[in-house]
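Since we're looking at a predicted model, the values are computed, not measured. Throughout, numbering of the chain's residues begins at 1 and tracks the sequence.
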Amino acid sequence: MGSEFLQEQKRVDSVIETITERISKLEEETSRRQNELVNIRKHFFDEVKVNLDTFDDYLETIIGLRQEAQALTVSQSTDRHVSKQLSTLRRMKAVPYFGRIDFIEEGESAQEQIYIGISTLTDASGEEFLIYDWRAPISSIYYEYQTGPAKYATLEGEIKGILEKKGQYLIRDGVLQSMFDTSITIGDEILQQVLGKGTDKHMHNIVATIQQEQNRIIRHDRGKLLIVHGAAGSGKTSAALQRIAFLLYKNRESMNADQIILFSPNSMFNSYVSNVLPELGEENMHQVTFQEYLDQRLSKEFQVENPYEQLEYVLTATNSPSYKSRVASIRFKASPLFFNAIELYMKSLEFSGMKFKDMIFRGEPIVTAEQIAKRFYSNDNSLRFHNRLEKLKDWLVKKINETQKAELTKPWVQEKIELLNDEEYHKAHTYLAKKRGFTGESIADYEVEPEVLARLIVQQKLKPLRKRVGTFGFIDIKGIYKQLFAEPLQIKQWIDGETPAEWGEICQATLEMLDESKLSYEDATPFLFMKEMIQGFQTNGSIKHILIDEAQDYSPFQFEFLKRLFPSAKMTVLGDFNQAIFAHASEMDDFRTLMSLYGPDETEVINMTRSYRSTKPIIEFTRRLVPNGEGIIPFERDGELPVLTHLLNHTELHHCIASKVATLRSQQYNSIAIICKSSKESKSAFEALSHIDDIKLVKSGSIEYEQGVVVIPSYLAKGIEFDAVIIYDASEQVYGDDSLRRAFYTACTRAMHHLQLYSVGEPTPLLRNVLRESYIQA
């Protein structure tokens, strides 16, 4: 062991000693502060003299309460901050840092040694930096430059200098295991070790192995939209999550994790990536699926199809007589053409076509839908659409007030009063007494006047109607949407282009679904967009950044909707069109439509072509499955060739899979995925393989990412990696159509170390372009 290695281990020991001392101090501080918090909560009202006798006393009480509440809030905030520091320091105790640069700043003679870790650490005096945060401006040199001239940006301007040396450390539990001089790039040796390990239940932070192209994504800070188009396994999701950590660090005074949303493909993916930010000492952002948002907004009115139900139909219902028209419907309703048609349709409603509902009270209309429409269109046409609706609301409130007045003396009100039981009467008495200013024991002295009680009863009865007016419930949104499809030819007035040949069938199917209070997935966003356009967008201005993963699965329509929903937010969008398995994905689209969302001046595209997930033989095999796959560059990591095994029947298939799983388990693979085309195929495969110990079936509703042996549909495996992948049936019968190329590619690219394909009968024609030497046929 060389003297330099021993010297570096001594430094590691010294830094860990500093970390240990810091942890000890913070633990004492935390214990003391928690006792203080308990005391503040326990004696909260002891510190405030509650006196409501006069207005001045009341004011003094309010001020006292506010001061105590502020003290409590400050203490709780400090406690959270200290807990966060402790959590980070405990992680750093095991791995204090991972990199080092020796840098001479221009104009200086002395070399500075910069050690880089997940967070900043200074010595006891607070003056000397022992470790720099990987997100600090100077740390960018580590990721961006080879030895030689280098620079980094600060708020004061650009700092130039010479990078003399770049090193990488592998430290585990405080012990320096190896160190590398990585003067070209982040060391392949360490990346090899990281990638060579078995997969874990969670995705981890990649700060020690960030590559130059990933660093561009992480530190990008221009414009409104960053599009990351990356090959399968290129590390785009990991880099984007580190990007969130970087943004939280850089904008720590003006942004917190609550102001960031990750739109992820499914709940299981949320569980898979949930560890990345906490590992870096940051709080997790909001994580939601687009479907969860749609359900939240629409499930009270409709049964909403989810994207996987739509995809399952596309993958399995090819023999259905309505298949062609359904696929055409999915594509058309996802298009910018349909988005523009709805916008023009909305403008036309200013002049005619608005539909309303009767306002019914006790079985009789107060105002009919026709009367409401007549009133709406008699309002001043120069007023904005929403102002006219507000005036209409005022008119309807006036009509309700007139009804209330007219109902007071009707027999049903007297009957209701006479039928009040003791409890109901007591509640009404107390409510009315308090309203008149009676308090405490004096409430009993209040005598209820019959006309006041009558007014209360009528008010309560009219309350749902008032609520309907307040929430625009008098507008027939469903009727307005149905109107788009009622006469197939009328859409021509709002569309600048051609409708699908199957438009008549599409209209009929849409109307049938709406009549059953069902919304197909392709209708959910257009319907909600139209509803928001009419009622006023429920925008969220507090969100400052949204991250959208698997962006190729979103339609142009959905992106336009999200832009309006989060008007103050910047977007980071990640995707791979080779994995665009939804029916609405255009064969020619490579995010060009998305680039028009904010315009070229506000948009940047970063392409990631190097793939790190899989071994070189697996990437050489998978990249030949897709057009332009030659642009995908494999990472130099050796491994076994993929294997294609021909079988005669499913009995033989299930026997071979069980045997293969046993072999893979003996080779210490943590995660083995048996990937099927669809949920339907997954279900039958799982039933046939249920004799395999601890085998699990992953469904679209699964919340937790499972390790071990799983049976999973291709579309749920997206974004996740497995040590070994078994393609359940890569036959012509299952993957015979070229439209399944992307689904097949997605399934195969999930494999890190081992890829086994089985084919019952003739293998898929999708393998015709794959060189025979790229895989073994058994």
> Does S611 reach the main-chain N or O of A232 with its side chain, forming a donor-acceptor pair under 3.5 Å?
Replying inline: yes
>> With rounding to the nearest 0.5 angstrom, report the CE to OG distance, M203 to S271.
In response: 11.0 Å
> Under a 4.5 Å cut-off applied to non-hydrogen side-chain atoms, are L644 and Q756 in contact?
Replying inline: no
> Can you find a heavy atom in the side chain of E522 that is under 4.5 Å from one in the side chain of E305?
Replying inline: yes
> How long is the gap from CD on E282 to CD1 on I260, to the nearest 0.5 Å?
Replying inline: 8.5 Å
> Would a 4.5 Å heavy-atom cut-off, applied to side chains only, mark V273 and L241 as touching?
Replying inline: yes
> Taking C-beta and beyond as the side chain, do I726 and K660 meet within less than 4.5 Å on heavy atoms?
Replying inline: yes
> Atom CG of L547 and atom CG of L574: how far apart are they, to the nearest 0.5 Å?
Replying inline: 5.0 Å
>> As an exercise, state the distance from CD of E630 to CZ of R623, rounded to the nearest 0.5 Å.
In response: 8.0 Å
>> Please tell me whether F744 and Y735 form a close aromatic pair, meaning their ring centres lie under 6.0 Å apart.
In response: yes
>> Do the side chains of K677 and E312 get close enough for a salt bridge, i.e. N-O under 4.0 angstrom?
In response: no
> Do R624 side-chain atoms and N769 backbone N/O form a donor-acceptor pair below 3.5 Å?
Replying inline: no
>> So that I know where these two stand, are Y308 and Y715 an aromatic pair - ring centroids less than 6.0 Å apart?
In response: yes
> Going from CG on L757 to OG1 on T645, what distance comes out if it is rounded to the nearest 0.5 angstrom?
Replying inline: 8.0 Å
>> What verdict does the side-chain hydrogen bond (donor to acceptor under 3.5 Å, both in side chains) test give for T572 and H545, after you've listed the backbone C-alpha separation in whole Å, the side-chain angles of each residue and the deciding distance to 0.1 Å?
In response: CA-CA 8 Å; T572 299; H545 207 100; 2.7 Å; yes
> Below 4.0 angstrom, N of the basic side chain to O of the carboxylate: do R665 and D693 qualify?
Replying inline: no
> Can you list the steps and then say if Q214 with Q212 is a side-chain hydrogen bond (donor to acceptor under 3.5 Å, both in side chains)?
Replying inline: CA-CA 5 Å; Q214 292 168 326; Q212 194 170 19; over 6 Å; no
> Are E721 and R613 within salt-bridge range, i.e. N to O under 4.0 Å?
Replying inline: yes
> If only atom types and distance count, is the side chain of E292 paired as donor or acceptor with the main-chain N or O of T289 below 3.5 Å?
Replying inline: yes
>> Under 4.0 Å between a side-chain nitrogen and a carboxylate oxygen: does that hold for D638 and K616?
In response: no
